Amino acid sequence: MRLLLQQRPEGREAPRFVQLMLQPDLLGGWTLVRETGQIGGRSTVRREQFMNHDSALAALEQARDQQLKRGFHLMFSQGAEAPR
């Protein structure tokens, strides 16, 4: 599952983005990958481990909601259970 959120640029700045991805790990758990940065610039990647899919999905939805409150817009979602 993958979500891409983008913030409208102010002035001549490049837009900022947040990408949230859920990935299964080799031990049956799930990883939430958060990539943030400026388009065309550096980005930061953080990973958070979860024991089950439900808790990972809840964390992804919470992260998405936080970014939407900060003025980001959902640009792309991919995955069978991608939240809207």
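For clarity, every value in this text was computed on a predicted model and none was experimentally measured.
The CZ atom of F50 lies 9.0 Å from the CG atom of L60; values are rounded to the nearest 0.5 Å. Rounding to the nearest 0.5 Å gives a distance of 11.0 Å between CD of Q38 and OG of S43. Distance check: S77 OG to L5 CG gives 9.5 Å after rounding to the nearest 0.5 Å. The distance from the CG atom of L3 to the CD atom of E61 is 9.0 Å, given to the nearest 0.5 Å.
Residue pairs that meet the salt bridge (Lys or Arg N to Asp or Glu O under 4.0 Å) test with at least one member in residues 35-56, sequence neighbours left out, are R34-E48. Sequence neighbours left out, not one pair with a member in residues 11-28 passes salt bridge (Lys or Arg N to Asp or Glu O under 4.0 Å).
Listed by chain and number, the residues in a side-chain contact (heavy atoms from CB on, under 4.5 Å) with M75 are Q6, H73 (sequence neighbours excluded). Judged as a side-chain hydrogen bond (donor to acceptor under 3.5 Å, both in side chains), and not counting sequence neighbours, the contacts of N52 are S55.
Residues M1 and L57 meet the side-chain proximity criterion, which asks for heavy atoms closer than 4.5 Å.
In the hydrophobic clustering of this structure, V18 groups with L74; members are Ile, Leu, Val, Met, Phe, Trp, Tyr whose side-chain heavy atoms approach within less than 4.5 Å, directly or through other members. Put simply, L68 and L22 are part of the same group of oily side chains (I, L, V, M, F, W, Y) that touch within less than 4.5 Å, one to the next. In the hydrophobic clustering of this structure, V45 does not group with L32; members are Ile, Leu, Val, Met, Phe, Trp, Tyr whose side-chain heavy atoms approach within less than 4.5 Å, directly or through other members.
At distances below 3.5 Å, at least one donor-acceptor pair connects side-chain atoms of Q7 with backbone N or O atoms of R70.
The other members of the hydrophobic cluster of I39, by chain and number, are L4, F17, F76 (side-chain heavy atoms under 4.5 Å, ILVMFWY only).
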Quiz prompt | Trace of the side chain to side chain contact (heavy atoms under 4.5 Å, CB included) decision for Q23 with V33 | solution = CA-CA 8 Å; Q23 301 173 337; V33 180; 3.7 Å; yes
